[in-house]
Amino acid sequence: QVHLVESGGGLVQPGGSLRLSCAASGRTFSDYAMGWFRQAPGKEREFVAAVNRVGGTTFYGESVGGRFTITRHNPENLVYLQMDRTKPEDTAVYYCAAQDTSRVFWASDNAMDYTYWGRGTQVTVSS
């Protein structure tokens with residue numbers, strides 16, 4: 001089992017940048033594919049980004065592609081979400097998710113594929 005804690009959320013002006021962090025503890029971090037999801041009030045949870053166990057494969061939701069970047073640092077048990085050129089519609093609670101897998105290059109954009117979740121961090125994009 002892995003425990004996930006997100007941090008780095010806050011208020012940012014439109015067009016600004018923010019970096020979210022997700023710290024993992026418990027089992028070997030490199031056993032897990034990692035994802036970021038978000039949920040705005042009254043909306044369903046939305047896929048943001050995912051990275052495989054070794055960081056070699058990443059992919060993004062349509063609404064954030066080209067603006068957000070997911071990276072992971074396995075020795076430090078951390079995964080990051082760099083948010084650039086933010087928009088008011090990026091306002092949401094952002095969740096880190098993990099799934100252990102034997103497939104080194106696997107990652108998913110489906111929230112149902114992830115077993116472990118953090119409690120989320122609020123991001124507000126507003127002037």
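Side-chain heavy atoms closer than 4.5 Å link hydrophobic residues (I, L, V, M, F, W, Y) into clusters, and following such links, even through other members, never connects V2 to Y95. Transitive grouping of hydrophobic side chains (ILVMFWY, heavy atoms separated by less than 4.5 Å) keeps V51 and F37 in distinct clusters. Under the 4.5 Å side-chain heavy-atom criterion for ILVMFWY residues, no single connected hydrophobic cluster contains both Y94 and L78. In the hydrophobic clustering of ILVMFWY residues, with side-chain heavy atoms under 4.5 Å counting as a link, L4 and V79 come out together. The hydrophobic clustering, which links ILVMFWY residues whose side-chain heavy atoms are closer than 4.5 Å, places F47 and V123 apart.
Side chain of R19 to backbone of Y80: no donor-acceptor contact under 3.5 angstrom is found. A donor-acceptor pair under 3.5 Å is formed between the side chain of N74 and the backbone N or O of R53. Within the 3.5 Å criterion, the main-chain N or O of G16 finds a donor-acceptor partner in the side chain of T86. Under the 3.5 Å distance criterion, the side-chain polar atoms of E6 are matched with a main-chain donor or acceptor of R119. Listed for the Y114 side chain is a donor-acceptor partner under 3.5 Å among the backbone atoms of S108.
Between Y116 and Y32, the ring-plane angle classifies as perpendicular under the 30° and 60° cut-offs.
With a 4.5 Å cut-off on side-chain heavy atoms, L20 and M83 count as touching. Here the side chains of F59 and I70 are not in contact, with every heavy-atom distance at 4.5 Å or above. Residues Q122 and T91 form a side-chain contact, since some pair of their non-hydrogen atoms from C-beta on lies under 4.5 Å apart.
Considering every non-hydrogen atom in both S17 and D84, the closest pair reads OG-OD1, 2.7 Å. Of all heavy-atom pairs spanning R27 and Q1, the tightest one is CD-N, 3.0 Å. Residues R103 and T101 share a closest heavy-atom pair of N-OG1, 3.0 Å. Counting all heavy atoms, side chain and backbone alike, R85 lies closest to R67 at O-NH1, 2.9 Å. Minimum interatomic distance between P14 and S126 (heavy atoms only, all atoms of both residues): CD-C, 3.5 Å.
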Decide side chain to side chain contact (heavy atoms under 4.5 Å, CB included) for W106 and D113; before the verdict, give the C-alpha distance in whole Å, the side-chain angles of both, and the deciding distance to 0.1 Å.
CA-CA 11 Å; W106 177 90; D113 288 334; 4.0 Å; yes
What do the steps show when you test Q13 against S127 for side chain to side chain donor-acceptor pair (under 3.5 Å), and what is the final call?
CA-CA 5 Å; Q13 292 189 342; S127 54; over 6 Å; no
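The list of side-chain hydrogen bond (donor to acceptor under 3.5 Å, both in side chains) pairs with a residue in residues 55-65, not counting sequence neighbours, reads R38-S63, E46-S63, N52-T57. Applying the disulfide bond (SG atoms under 2.5 Å apart) test to every pair with at least one member in residues 17-102, sequence neighbours left out, gives these pairs: C22-C96.
Stacking of R72 on the aromatic ring of F29 is recorded, both the 6.0 Å distance cut-off and the 45° axial limit being met.
Atoms CD and OG, on Q82 and S21 in that order, are 9.5 Å from each other to the nearest 0.5 Å.
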